[in-house]
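This report concerns only the one structure given below.
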Amino acid sequence: MADTEILVIGGGIAGASAAFHLASYGRAVTLLERGEIASEASGVNAGGIGALGWGNVPDLESYLTMGSLQIFKDMQLELGYDIEFRASGGLQAIQTEEQYVYARDRVLALKSRGYTLELLTTDEARSIEPELSPDLYGAMHFPLRGQADPKKATRAFADAAAERGASVLTGREVTGITRTPEGTYRVACTDDEFSTRRLIVAAGAWCGPVGEMLGVCIPIVPVRGQMWATQPLPPRSFHSLSSAESYAHWSQHPGNDARTPPELTHVGSTRVTRHLYGRQNRDGEIIFGGDRELAGYDYTVDAAGVETNFGHASEILPILSGMSINRTWSGMMPFSLDGRPIIGKIPQLDEVYIVSGLASSGFGRGPMAGRLIADYVATGHRPPVLAESDPARCVTRLE
Ligand SMILES: Cc1cc2nc3c(=O)[nH]c(=O)nc-3n(C[C@H](O)[C@H](O)[C@H](O)COP(=O)(O)OP(=O)(O)OC[C@H]3O[C@@H](n4cnc5c(N)ncnc54)[C@H](O)[C@@H]3O)c2cc1C
């Protein structure tokens with residue numbers, strides 16, 4: 001049995017970043033990933049990095065987004081990993097008068113709190129993103145938003161962790177966890193067994209099943225996201241793109257209940273709104289996605305959903321209407337039931353931590369989420385900003 005001081009379960013962006021930062025502290029850390037690094041959500045997402053600035057009173061969201069933005073930049077510019085990072089800025093299209101009212105109020109409210117965004121006329125938006133439709137009512141501009149390649153970026157964290165001495169093991173599925181009388185955890189996985197004093201659960205949409213191995217209920221549910229890509233084409237689109245339609249809807253109807261997270265596109269199998277995000281990647285593909293559906297762990301791409309999403313994207317970027325879809329894919333997003341991250345120490349257990357619940361924006365927030373949990377574990381002191389994501393609010397002991 002191999003001994004390790006700290007064991008991280010999950011090689012997505014959250015786990016890989018936690019391992020990287022712990023190794024940077026000089027701590028002995030082992031990361032176990034059942035597939036390859038970035039084989040789940042962290043490798044198949046749209047690569048959008050959301051950021052609005054620190055605001056007048058930085059909260060957890062400011063830390064996660066702005067902290068991650070800086071870590072992505074450092075990964076590419078200081079550490080020299082080509083993760084295709086670009087401070088592209090983002091544009092959110094406004095398609096109706098109702099969306100315009102929502103966007104205007106949002107911009108005013110966020111600017112008064114010190115965040116960085118602007119409301120643009122359609123001409124202003126088209127002067128920085130020429131292929132946008134002239135039929136828009138305007139666009140919100142988020143100059144700090146960025147983008148990066150999700151697989152390359154997540155692997156960079158794992159590689160940088162290994163370079164600093166972490167043991168990064170793939171093809172190792174954790175199948176059972178027991179507590180010994182000496183106070184250590186025995187972690188059984190494919191072909192191996194490990195002993196550790198500290199565990200970090202970073203298993204994304206599978207935190208629930210890993211929690212069961214530890215005797216706790218971690219209320220994270222898998223939400224299926226799906227995407228499509230065109231054939232590669234010369235550079236035509238420069239920003240991260242999205243639409244205000246879903247946000248205007250969710251601002252009135254978040255849609256959550258005791259078993260359903262907020263801000264999904266479907267209730268049961270019925271669509272309640274259209275959500276849209278995408279960009280042109282370095283290979284030249286235009287990629288878009290949007291749907292967020294509860295479907296268990298079923299990865300089947302819903303063709304009707306892709307068609308709706310393609311139609312929506314074509315309304316905003318009319319060059320798409322003459323093109324066809326070249327490939328589609330899906331992935332599982334880890335949503336908590338209240339929609340907020342779960343990052344901290346699990347109060348019912350000794351020295352077990354979790355970094356998850358990063359939902360639909362965990363690529364852009366994962367690097368700092370991993371850094372904050374690493375700070376907590378390495379120093380023994382909870383970063384004050386993690387009070388907002390305390391697992392005590394929702395993790396319970398299994399009966
Ligand atoms: C289609 C799609 C588009 C998205 N677009 C964006 C975007 O543009 N911007 C953005 O910020 N976010 C986006 N997201 C969300 C983002 O991808 C996720 O929030 C983020 O990747 C979650 O990271 P994670 O490390 O928590 O989970 P994951 O990436 O799922 O990693 C968890 C890992 O744990 C492993 N694991 C699970 N159980 C075990 C076990 N028992 N033993 C060992 N290993 C285990 C899994 O194999 C997996 O690799 C998107 C997601 C999807 C699906």
Mind running salt bridge (Lys or Arg N to Asp or Glu O under 4.0 Å) on R197 and D350 for me, showing each step along the way?
CA-CA 9 Å; R197 288 214 160 262; D350 199 27; over 6 Å; no

Taking the side chain as every heavy atom from C-beta outward, state whether Y81 and K152 have any atom pair closer than 4.5 Å.
no

Has D302 got a side-chain atom pairing as donor or acceptor with G305's backbone, closer than 3.5 angstrom?
yes

Heavy-atom count check: over 12 atoms from other residues, nucleotides or ligands less than 6.0 Å from R179 CZ?
yes

Assess whether side chain to side chain donor-acceptor pair (under 3.5 Å) is satisfied between T170 and E33, documenting all intermediate values.
CA-CA 5 Å; T170 55; E33 162 56 47; over 6 Å; no

Other ILVMFWY residues reachable from V57 by side-chain steps of under 4.5 Å
none

More than 12 heavy atoms from other groups under 6.0 Å of CD on E193
yes

Considering only heavy atoms from C-beta outward, does the side chain of W250 approach that of P262 to under 4.5 Å?
no

Within the side chain of T154, is there an N or O that forms a donor-acceptor pair under 3.5 Å with the backbone of G43?
no

Under 3.5 Å, side chain of S356 to main-chain N/O of A202, donor-acceptor pair present?
no

Taking all non-hydrogen atoms of both residues, which atom of G53 and which atom of S62 are closest, and how far apart?
O-CB, 4.1 Å

Would you mind reporting whether L199 and V187 have side-chain heavy atoms less than 4.5 Å apart?
yes

Do D123 and T121 have side-chain N/O donor and acceptor atoms under 3.5 Å apart?
no

Will you find, in the side chains of T230 and E285, an N or O donor that is under 3.5 Å from an N or O acceptor?
no

For a quick test of reading the model, state the closest non-hydrogen atom pair linking S336 to R340 and the distance between them.
OG-O, 2.6 Å

Looking at L398, V201, L349, which hits side chain to side chain contact (heavy atoms under 4.5 Å, CB included) with V216?
L349

Mind checking whether W206 and R34 have side chains closer than 4.5 Å, heavy atoms only?
yes

L91 side chain near L120 side chain, heavy-atom distance below 4.5 Å:
yes

Atom OG of S17 and atom CZ of F157: how far apart are they, to the nearest 0.5 Å?
5.0 Å

CG of L60 to OG1 of T65: how many Å apart, nearest 0.5 Å?
9.0 Å

Co-members of the apolar cluster containing V272 [side chain, <4.5 Å]:
V267

Does the side chain of H275 come under 3.5 Å of the side chain of S246 through a donor N or O and an acceptor N or O?
yes

D298 side chain to A295 main-chain N or O, any donor-acceptor pair under 3.5 Å?
no

Rounded to the nearest 0.5 Å, what separation is found between the CG atom of L77 and the CD atom of Q70?
9.0 Å

Between Y25 and D375, is the side chain to side chain donor-acceptor pair (under 3.5 Å) condition met? List the steps.
CA-CA 9 Å; Y25 270 111; D375 287 352; 2.7 Å; yes

For residues 128-140, which side-chain donor-acceptor pairs fall under 3.5 Å, sequence neighbours excluded?
residue : atom : partner : partner atom : Å
E129    : OE1  : F238    : N            : 3.1
E129    : OE1  : H239    : N            : 2.9
E129    : OE1  : H239    : ND1          : 2.7
E129    : OE2  : S237    : OG           : 2.8
E129    : OE2  : F238    : N            : 3.1
E131    : OE2  : R236    : NE           : 3.0
E131    : OE2  : R236    : NH2          : 2.8
S133    : OG   : D135    : N            : 2.9

Once side chain to side chain contact (heavy atoms under 4.5 Å, CB included) is applied, do any residues pair with T308, and if so which ones, sequence neighbours excluded?
R271, R274

Do R365 and S361 have side-chain N/O donor and acceptor atoms under 3.5 Å apart?
yes

Just by distance, with hydrogens left out, do S360 and R292 show a side-chain donor and acceptor under 3.5 Å apart?
yes

Can you tell me if S68 uses its side chain to pair, donor with acceptor, with the backbone of M368 under 3.5 Å?
yes

I would like to know whether K111 and E118 meet salt bridge (Lys or Arg N to Asp or Glu O under 4.0 Å); could you show each step before the answer?
CA-CA 8 Å; K111 278 174 82 91; E118 294 294 337; 2.8 Å; yes

L214/Y185 under side-chain contact (heavy atoms from CB on, under 4.5 Å): CA gap, chis, key distance, verdict:
CA-CA 10 Å; L214 287 158; Y185 291 95; 4.1 Å; yes

State the CG-CG distance between L372 and L64, to the nearest 0.5 angstrom.
6.0 Å

CD1 of I49 to OG of S240, rounded to nearest 0.5 Å, is 8.0 Å

Donor-acceptor contact present, side-chain S314 to main-chain P318, <3.5 Å
no

Give me each pair satisfying side-chain hydrogen bond (donor to acceptor under 3.5 Å, both in side chains) with a member in residues 207-225, each pair once, sequence neighbours excluded.
R224-E293

Please find out if less than 6.0 Å separates the ring center of F363 from that of F72.
yes

For residues L294 and P222, report the shortest heavy-atom separation together with the two atoms involved.
CD2-O, 3.7 Å

How about I354 and I373: do any of their side-chain heavy atoms sit closer than 4.5 Å?
no

For R172 and D192, run salt bridge (Lys or Arg N to Asp or Glu O under 4.0 Å): C-alpha distance rounded to whole Å, both residues' side-chain angles, the deciding distance at 0.1 Å, then the answer.
CA-CA 8 Å; R172 307 293 213 292; D192 267 322; 2.7 Å; yes

Quick one: do the Q348 and R397 side chains pair a donor with an acceptor below 3.5 Å?
no

Pair N56-Y115, side-chain donor/acceptor within less than 3.5 Å:
no

Report yes or no: does S389 contribute a side-chain atom to a donor-acceptor pair with the main-chain N or O of P341 at less than 3.5 Å?
no

Can you tell me if CD on E98 sees more than 12 non-hydrogen neighbours from other groups inside 6.0 Å?
no

Contact list for residues 258-269, test side-chain hydrogen bond (donor to acceptor under 3.5 Å, both in side chains), sequence neighbours left out
D257-T260

Minimal non-hydrogen separation, K345 against P391, with atom names:
O-CG, 3.4 Å

Closest approach of L144 and A51, non-hydrogen atoms and distance?
CB-O, 3.7 Å

Decide if atom CD of E36 counts as having more than 12 heavy atoms of other residues, nucleotides or ligands within a radius under 6.0 Å.
no

Taking the side chain as every heavy atom from C-beta outward, state whether Q76 and D82 have any atom pair closer than 4.5 Å.
yes

Does a donor on one side chain sit under 3.5 Å from an acceptor on the other, for T30 and T4?
yes

For the atom pair CD (Q226) and CG (N309), what is the distance rounded to the nearest 0.5 Å?
7.5 Å

Less than 4.5 Å apart, any side-chain heavy atom of F288 and any of L317?
yes

Considering all heavy atoms of both residues, which atom of F194 and which atom of C189 are nearest to each other, and what is their separation?
CE1-SG, 3.7 Å

Assess the pair H312 and F310: is the distance between their ring centroids shorter than 6.0 Å?
no

